[in-house]
Amino acid sequence: MNNKFDALKDDDSGDHDQNEENSTQKDGEKEKTERDKGQSSSKRKAVVPGPAEHPLQYNYTFWYSRRTPGRPTSSQSYEQNIKQIGTFASVEQFWRFYSHMVRPGDLTGHSDFHLFKEGIKPMWEDDANKNGGKWIIRLRKGLASRCWENLILAMLGEQFMVGEEICGAVVSVRFQEDIISIWNKTASDQATTARIRDTLRRVLNLPPNTIMEYKTHTDSIKMPGRLGPQRLLFQNLWKPRLNVP
Amino acid sequence: MSGGGSCSQTPSRAIPATHRVVLSDSVQLPPGDYSTTPGGTLFSTTPGGTRIIYDRKFLMECRNSPVTKTPPKDLPAIPGVTSPISDEPPTEARQNHRQNSPEDKPAGGDESQFEMDI
């Protein structure tokens with residue numbers, strides 16, 4: 001288990017410069033002895049719940065991305081577009097991040113928050129996502145903050161009841177609408193996707209006529225829709241880096 | 001990360017106080033093959049092993065924990081995201097907010113950020 005986990009982290013070595021400024025290591029939060037001490041490439045330590053904190057089933061990482069219109073699409077500018085905000089292991093650590101971040105409805109421009117299990121990158125090419133898909137809900141302006149909060153609380157609290165299937169959640173702030181989505185591992189598993197849909201209906205308290213759309217990531221690759229630029233962002237950000245030893 | 005691993009390290013704790021939950025619709029009940037209760041099972045054994053389950057109400061209560069009042073030390077300063085957009089130096093601004101925050105309110109620039117309209 002840990003090996004896989006670490007291997008995923010190692011894939012990440014390409015964003016070394018990000019890690020320097022946005023290290024996911026926490027202060028007061030206890031750090032396990034360095035599991036990967038021998039690997040000089042990895043400076044990260046495991047994030048674990050502090051004393052008397054409420055552990056989560058999984059560790060999660062917050063990411064933030066923003067498209068800068070008009071910039072050349074060099075990998076360097078893409079790199080500036082996605083940032084790891086940090087990783088948490090307990091309910092309290094989650095609130096510590098969340099309470100010091102703006103809510104999605106107050107974001108400006110073409111921005112996204114991503115909350116994924118630690119070790120899963122918010123990109124379609126990640127092993128956990130490559131056979132997966134996502135439920136997409138388009139929201140009129142004004143609803144994103146509340147819906148995002150309800151969505152991530154349900155995810156952190158393991159309300160979806162689909163085992164290991166959930167990968168993460170995204171809120172995308174766009175010009176005329178906002179989009180929330182939740183990603184799972186196996187797009188072909190209809191029992192899972194149906195259960196995720198029903199849980200979304202329950203926890204988001206959506207108006208009855210809200211349209212929910214399931215998209216497999218492979219469909220998104222073939223037919224990039226309105227989230228296309230996001231796809232390009234991650235492709236350009238990570239693809240050239242996956243082969244870096 | 002495995003459920004079994006993290007749970008075996010979890011210290012025992014008191015049974016949470018009970019509270020009553022009114023259901024208006026059967027859809028609010030969790031699926032029948034999991035041993036959760038609608039009002040807030042904290043630790044629950046499921047067929048796939050023990051999983052740590054929290055309901056929304058419980059998570060919201062944890063928001064007021066003292067540790068949440070200060071930002072994580074390594075929180076990156078992203079203007080408009082984790083720090084104000086304004087001209088003032090972001091770190092200074094954040095510290096001011098922290099110092100001025102009443103105990104019962106999460107530190108943050110924007111009070112409306114924490115409104116609950118449900």
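Here is how names work: the chains are called A, B, and so on, in the same order as the sequence lines, proteins then strands, and each is numbered from 1.
Partners of Phe94(A) by ring-ring contact (aromatic ring centres under 6.0 Å, His included), not counting sequence neighbours, listed by chain and number: Phe88(A), Tyr98(A). Applying the side-chain contact (heavy atoms from CB on, under 4.5 Å) rule to Ser145(A) yields the partners Arg103(A), Pro104(A); only residues at least two apart in sequence or on another chain are considered.
Distance alone, capped at 3.5 Å, places no donor-acceptor pair between the His100(A) side chain and the Ser83(B) backbone.
Two residues are said to be in side-chain contact when any heavy atoms from C-beta on lie closer than 4.5 Å; Leu75(B) and Ile85(A) meet this criterion. For the pair Leu153(A) and Met60(B), the minimum side-chain heavy-atom distance is below 4.5 Å. His54(A) is listed as a side-chain neighbour of Tyr54(B), based on a closest heavy-atom distance under 4.5 Å.
Interatomic distance, OG1 of Thr82(B) versus OH of Tyr64(A), reported as 9.5 Å (0.5 Å rounding). Interatomic distance, Leu59(B) CG to Glu149(A) CD, rounded to the nearest 0.5 Å: 10.0 Å. Ile53(B) contributes atom CD1, which lies 12.5 Å from atom CG of Leu56(A) (distance to the nearest 0.5 angstrom). Leu156(A) CG to Cys62(B) SG: the interatomic distance, rounded to the nearest 0.5 Å, is 11.5 Å. Atoms CD and CD1, from Glu158(A) and Ile52(B) in turn, are 8.5 Å apart once rounded to the nearest 0.5 Å.
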Notebook entry, point to check: Between Arg66(A) and Val81(B), is a side chain to side chain contact (heavy atoms under 4.5 Å, CB included) present by the stated rule, with each step listed?
Noted result: CA-CA 11 Å; Arg66(A) 179 184 169 89; Val81(B) 181; over 6 Å; no
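In terms of heavy atoms, Ser99(A) sits closest to Thr68(B) at CB-O, 4.2 Å. When all heavy atoms are compared, the tightest approach of Glu92(A) to Ser65(B) is CG-OG, 3.6 Å. Here the closest heavy-atom approach between residue Gly163(A) and residue Arg51(B) is recorded as O-NH2, 2.9 Å. Summarising the geometry of Gln159(A) relative to Asp55(B), their closest heavy-atom pair is NE2-CA, 3.6 Å, with the distance given to 0.1 Å. Nearest heavy-atom pair, Asn150(A) versus Arg56(B), reported as atom, atom and distance to 0.1 Å: OD1-NE, 2.6 Å.
With hydrogens and angles left out, the side-chain atoms of Thr70(B) and Arg96(A) include a donor and acceptor closer than 3.5 Å.
Heavy atoms of Phe62(A) lying under 4.5 Å from chain B are absent altogether.
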